[in-house]
Amino acid sequence: MILRVVTYNIHRSRGMDGRVRPGRIVDVLREIDADVIALQEVVCGVDCGPEGDQGRFIAKELGLNYQLGENRKLKGAAYGNVALSRFPLKVVTNHDLSVAGYERRGALHTDVSLTDRDILHVFNVHLGTAFLERRHQARRLSERKTGLLHNEELKGPKIVLGDFNEWTQGLATQMLGSHLKSVDIRKYLGRTKTYPAFMSVMHLDHIYYDGPLELKALRLHRTRKALVASDHLPLVAEFEHTGLAARDARPATPPAAS
C-alpha cells in the first residue's frame with residue numbers, strides 16, 4: 001500500500017494577496033490528491049459558509065472524512081488543526097500542548113483505519129513560536145516513558161507532522177529524531193528551506209514516522225495556485241506500508257485434509 005501524506009498550514013485560508021479563499025486551498029489539495037491530510041490554522045465556525053467553516057467546506061468539496069482539534073477560539077469560531085482522509089478517521093484525543101503565557105497549541109491524534117485491522121496513528125502538530133515554549137512541548141510529545149508518543153497503547157505505525165515553528169536543530173527536532181525517522185528535505189528536495197512560499201528562508205514544516213513505513217518520495221508542492229493560496233507550501237510524502245505488503249504477500253494457508 002502506497003500512502004500519500006501532506007502537511008499544510010493554510011493560514012486561515014488567507015492567501016499571499018490578503019484574500020480569504022478556502023476554494024483555493026481545495027484546488028491545491030485536489031492537485032495533490034493525498035490519502036491523509038494534516039492542516040494547521042483552520043477556522044471552523046458553525047453555519048458560517050466556506051470562509052467561516054473552512055474544515056467542513058474543504059472536506060465536503062474533496063469528499064473526505066475530517067476531524068477537528070480545537071486549540072482556541074478565533075472571533076467565536078473554533079480554531080486549530082484539522083485531519084482529513086479518504087479512509088475512516090477517528091479522533092483519539094486533541095492533546096493540549098499549551099504553555100502558560102503563550103498561544104494555545106495542540107497535537108490532534110487521529111487513528112486512520114487503513115484496513116479492518118490496520119491502524120495508522122497520525123499526530124497533527126502545531127508548536128509555538130518561542131524557543132522555551134517549544135522545549136516544553138517537545139518534552140510533552142517525546143520524553144521517554146511519559147511522552148505522548150511513547151504510549152504503550154499505540155500499536156502500529158505513527159506519523160507525526162505539521163508546523164513545528166522550528167527553524168534550527170532545536171530540542172523538538174532532537175527529541176523526535178531520537179526515536180522517529182525524519183524525512184530528509186535536503187536529500188529529496190535539494191534544499192533546506194521551505195517557508196515562506198516565496199523566497200523561503202526557514203524550514204518549519206516537518207514529517208516524522210516509524211514502524212513499517214518506507215519513504216518513497218518527498219516533494220514541496222510548488223504550483224502557481226499553491227504559491228498564492230497560503231504563506232506555507234504543502235509538504236508531500238509518499239510512504240509504502242511494508243507491513244501490509246508483507247502480510248498480503250504471504251501464501252494462504254492450505255485447507256486441512258479431509
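Worth saying up front: this structure is predicted, and the values here are computed from it rather than measured.
The NZ atom of Lys90 sits 14.0 Å away from atom OG of Ser85, with the distance rounded to the nearest 0.5 Å. Note: Glu240 CD to Leu215 CG = 11.0 Å, rounded to the nearest 0.5 Å. Distance check, rounded to the nearest 0.5 Å: CG of Leu108 to CG of Leu68 gives 7.5 Å. We find the NE2-OG distance between His232 and Ser200 to be 10.0 Å, quoted to the nearest 0.5 Å. With rounding to the nearest 0.5 Å, the separation of NE2 in His206 from CG in Leu127 is 9.0 Å. For the atom pair Asp231 CG and Tyr195 OH, the distance stands at 4.0 Å (nearest 0.5 Å).
Put simply, Leu171 and Val99 are part of two different groups of oily side chains (I, L, V, M, F, W, Y) that touch within less than 4.5 Å, one to the next. In this structure, Leu120 is not a member of the same hydrophobic cluster as Val92, with clusters built from ILVMFWY side-chain heavy atoms closer than 4.5 Å. Residues Leu235 and Phe164 do not share a hydrophobic cluster, defined by chaining ILVMFWY side chains whose heavy atoms lie under 4.5 Å apart. Residues Leu39 and Val236 share a single hydrophobic cluster, defined by chaining ILVMFWY side chains whose heavy atoms lie under 4.5 Å apart. Both Leu84 and Phe57 belong to a common hydrophobic cluster when Ile, Leu, Val, Met, Phe, Trp and Tyr are linked at side-chain heavy-atom distances under 4.5 angstrom.
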Return all side-chain donor-acceptor pairs below 3.5 angstrom for residues 23-31, not counting sequence neighbours, or 'none' if the list is empty.
{"residue": "Arg24", "atom": "NH1", "partner": "Asp17", "partner atom": "OD2", "Å": "2.8"}
{"residue": "Arg24", "atom": "NH2", "partner": "Asp17", "partner atom": "OD1", "Å": "2.9"}
{"residue": "Arg24", "atom": "NH2", "partner": "Arg19", "partner atom": "O", "Å": "3.1"}
{"residue": "Asp27", "atom": "OD2", "partner": "Lys225", "partner atom": "NZ", "Å": "2.9"}
{"residue": "Arg30", "atom": "NH2", "partner": "Glu61", "partner atom": "O", "Å": "3.0"}
{"residue": "Glu31", "atom": "OE1", "partner": "His221", "partner atom": "NE2", "Å": "2.7"}
{"residue": "Glu31", "atom": "OE1", "partner": "Thr223", "partner atom": "OG1", "Å": "3.0"}

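Remark: side-chain polar atoms of Arg4 are not paired, donor with acceptor, to backbone N or O of Ile37 under 3.5 angstrom. A donor-acceptor distance shorter than 3.5 angstrom exists from the side chain of Asn94 to the backbone of Glu70, with no hydrogens or angles considered. Asn65 places a side-chain N or O within donor-acceptor distance of the main-chain N or O of Phe87, the cut-off being under 3.5 Å. Judged purely by atom type and a 3.5 angstrom limit, Glu103 has no side-chain atom pairing as donor or acceptor with the backbone of Gly128. Side chain of His203 to backbone of Asp205: a donor-acceptor contact under 3.5 angstrom is found. Proximity of a side-chain donor or acceptor of Asp163 to a complementary backbone N or O of Asn9 within less than 3.5 Å is not detected. No donor-acceptor pair closer than 3.5 Å links the side chain of Asp210 to the backbone N or O of Leu180. Looking at Gln137, its side chain does come within 3.5 Å of a backbone N or O of Leu97 through a donor-acceptor pair. Under the 3.5 Å distance criterion, the side-chain polar atoms of Glu166 are left unmatched by any main-chain donor or acceptor of Arg134. Here the side chain of Arg186 pairs no donor or acceptor atom with the backbone of Gly190 at under 3.5 angstrom.
Shown are Arg21, Glu41, Gln54; of these, the side-chain hydrogen bond (donor to acceptor under 3.5 Å, both in side chains) with Ser13 is made only by Gln54.
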Please evaluate residues Phe123 and Leu154 with respect to the criterion side-chain contact (heavy atoms from CB on, under 4.5 Å), reporting the C-alpha separation (whole Å), side-chain torsions for both, the decisive distance (0.1 Å), and the verdict. CA-CA 12 Å; Phe123 290 81; Leu154 295 177; 4.0 Å; yes
Going through the checks in order, is the side-chain contact (heavy atoms from CB on, under 4.5 Å) test met by Asp96 and Arg104? CA-CA 8 Å; Asp96 187 0; Arg104 297 189 66 82; 2.7 Å; yes
Checking side chain to side chain donor-acceptor pair (under 3.5 Å) for the pair Gln40/Thr7: CA distance, chi angles, key distance, verdict? CA-CA 8 Å; Gln40 302 85 43; Thr7 178; 3.2 Å; yes
Would you please test Ile119 and Ser113 for side-chain contact (heavy atoms from CB on, under 4.5 Å) and show each step? CA-CA 5 Å; Ile119 298 295; Ser113 299; 3.5 Å; yes
Verify side-chain contact (heavy atoms from CB on, under 4.5 Å) between Arg105 and Thr129, making sure each step is shown before the conclusion. CA-CA 10 Å; Arg105 301 284 182 173; Thr129 56; 3.9 Å; yes
Apply ring-ring contact (aromatic ring centres under 6.0 Å, His included) to the pair His109 and His121, showing each step before the final yes or no. CA-CA 7 Å; His109 174 193; His121 304 290; 5.6 Å; yes
How far apart are the C-alpha atoms of Gln67 and Thr110, what are their side-chain angles, what is the distance that settles it, and do they pass the side chain to side chain donor-acceptor pair (under 3.5 Å) test? CA-CA 8 Å; Gln67 296 288 352; Thr110 53; over 6 Å; no
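Looking at Lys181 and Leu213, their side chains never come closer than 4.5 Å, going by heavy atoms from C-beta outward. Counting only heavy atoms from C-beta outward, the side chains of Leu233 and Thr194 never approach each other to under 4.5 Å. Contact check for Ile159 versus Val36: no side-chain heavy atoms found under the 4.5 Å cut-off. The shortest side-chain heavy-atom distance between Val5 and Phe239 falls under the 4.5 Å cut-off. Between His179 and Leu149 the shortest side-chain heavy-atom distance falls below 4.5 Å. Looking at Val183 and Tyr209, their side chains come closer than 4.5 Å, going by heavy atoms from C-beta outward. Within the 4.5 Å cutoff, the side chain of Glu133 has no heavy atoms near those of the Asn165 side chain. Two residues are said to be in side-chain contact when any heavy atoms from C-beta on lie closer than 4.5 Å; Met16 and Leu227 fail this criterion.
The minimum heavy-atom distance linking Pro157 with His241 is given by the pair CG-NE2, 3.7 Å. Pairing each heavy atom of Cys44 with each of Asp53, the nearest pair is CA-OD1, 3.8 Å. Nearest heavy atom pair, residue Gly162 against residue Asn124, reads CA-OD1, 4.5 Å. Considering all non-hydrogen atoms of both residues, Ala130 and Tyr102 come closest at CB-CE2, 3.5 Å. Considering all non-hydrogen atoms of both residues, Ala237 and Ile207 come closest at CB-CD1, 3.9 Å. Nearest heavy-atom pair, Tyr208 versus Gly177, reported as atom, atom and distance to 0.1 Å: CE2-N, 4.1 Å.
For the residue pair Asn71 and His126, no side-chain donor N or O sits within less than 3.5 Å of a side-chain acceptor on the partner.
Between Asp33 and Arg86 there is a salt bridge, with a side-chain nitrogen of the basic residue lying less than 4.0 Å from a carboxylate oxygen of the acidic one.
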